[in-house]
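Just so it is clear, the structure is predicted and the values come from calculations on it, not from any experiment.
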Amino acid sequence: MYKKAYGIIETLAPLHVGASAGEESGNLNLIFRDQFTQTGIIPGSSIRGRFRADMRQDPRQKEEGYKNYNYWYGQEAPEKGEADEDKKDTTEAQVKFEYASIVWLPVYCPSQPVVWVSCPRLLKRYQKLSGKPIYDFKPHTYYGAKDNIDKLFFNLGFICLDSRDQELGKYIPDKLENLKAGRDLVLVVSDAEISMIHDMALYRQSRIALDRNEKKATGGAFFNVEALPEGTILTFPTAIKNKGKDDNSWQEYIADADIKKTKELYFGGLESIGFGRTNVTLYEGLN
């Protein structure tokens, strides 16, 4: 049995979690994508790695009664011949992480100028993780302020707005810096439309490394990077082993991870040049 919970990630800067391509592919650094909606994700391994690295730097590691990162995230077996009394064998992690998917994606729209967009498949995942009642999301419904318009322009065409759906307000998480329920416009598009709108919304940047002696790019040092834009809202499930009726492992983990409230964490690559800053909040789920 596991104690279930979920997390909300709000990007405070462009977020790139992906792999780099070689020169033969145009040096394009793509983000990881969900196989069905083709929208950006953060793999569970990246989330676990960030949480684990953050706990490793905690000054309480040596305090009595503090369960360190090896207890919560598991440890690997020592190398052959390595002498370490505290590292005798591989152990299973107490905390499990899955990938983070988009809940709301900010998209530039000339008449707004920003609209947060999602689709039924992404919203249903958030609904399951948060324990909200089952709801039938209709494409082209909206919630929030709009300036007396009945259609939105997204570079490649128009989307005509359908009806206002008050229920969408319940799917806007609390404690967000960029998106506020009722103040900002959120829109549901179809599962078939989300991938095209997603690719229009991505942050893109070209980067080079200059030659030391001339004002030109060194060989092969020109590449492009894409990232989820600032203000993207993502969600991910997590779970912890439940040891019994009166087990308080979740409260112990929250205390040891120092994440009782919203915490600022960096994810992905290119952190040193302004990518990856986020706010992360954990919520207890329904078991």
Residue pair Leu179, Trp104: steps toward the side chain to side chain contact (heavy atoms under 4.5 Å, CB included) verdict: CA-CA 9 Å; Leu179 175 58; Trp104 296 107; 3.9 Å; yes

Approximate separation, where rounding is to 0.5 Å, of Ser101 OG and Ile233 CD1: 12.5 Å

Joint cluster assignment, Ile149 & Val115, ILVMFWY side-chain distance < 4.5 Å: yes

CG-CZ distance between Leu122 and Phe36, expressed to the nearest 0.5 angstrom: 12.0 Å

Joint hydrophobic cluster, Tyr135 plus Tyr6, side-chain heavy atoms closer than 4.5 Å: yes

NZ on Lys96 to NZ on Lys4, rounded to 0.5 Å: 14.5 Å

Test applied, ring pair (Phe, Tyr, Trp, His ring centres under 6.0 Å); reference residue, Phe137; option that passes from Tyr142, Tyr171, Tyr143: Tyr171

Gap separating the OH atom of Tyr99 from the OG1 atom of Thr235, nearest 0.5 angstrom: 10.5 Å

Electrostatic pair Glu226:Arg33 at N-O distance under 4.0 angstrom: yes

Side-chain H-bond candidate by donor/acceptor type, Asn70 with Arg52, under 3.5 Å: yes

Whether Asp34 side chain and Thr39 backbone form a donor-acceptor pair below 3.5 Å: no

Under-4.0 Å salt bridge between Asp136 and Lys138: yes

Side chain Thr238, main chain Ala5, donor-acceptor under 3.5 Å: no

Check: Thr232 side chain, Leu228 main-chain N or O, donor-acceptor pair, under 3.5 Å: no

Electrostatic pair Glu92-Lys241, nearest N-O below 4.0 angstrom: yes

Atom pair CD1/OG of Ile102 and Ser118 - distance to nearest 0.5 Å: 8.0 Å

Donor-acceptor contact below 3.5 Å, side chain Asp184 vs main chain Lys180: yes

Under 3.5 Å: donor-acceptor pair, side chain of Thr11, backbone of Pro14: no

Main-chain N/O of Val225 paired with Gln205 side-chain donor or acceptor, under 3.5 Å: no

salt_bridge(Arg277, Glu271) N-O dist < 4.0 Å: no

Under 3.5 Å donor-acceptor, Glu10 side chain and Thr278 backbone: no

Donor-acceptor contact present, side-chain Glu193 to main-chain Ser190, <3.5 Å: yes

Backbone N/O of Ala257 and side chain of Lys263: donor-acceptor pair under 3.5 Å: yes

Aromatic contact, Tyr266 with Phe275 (centres under 6.0 Å): no

Phe51-Tyr73 aromatic ring centre distance below 6.0 Å: no

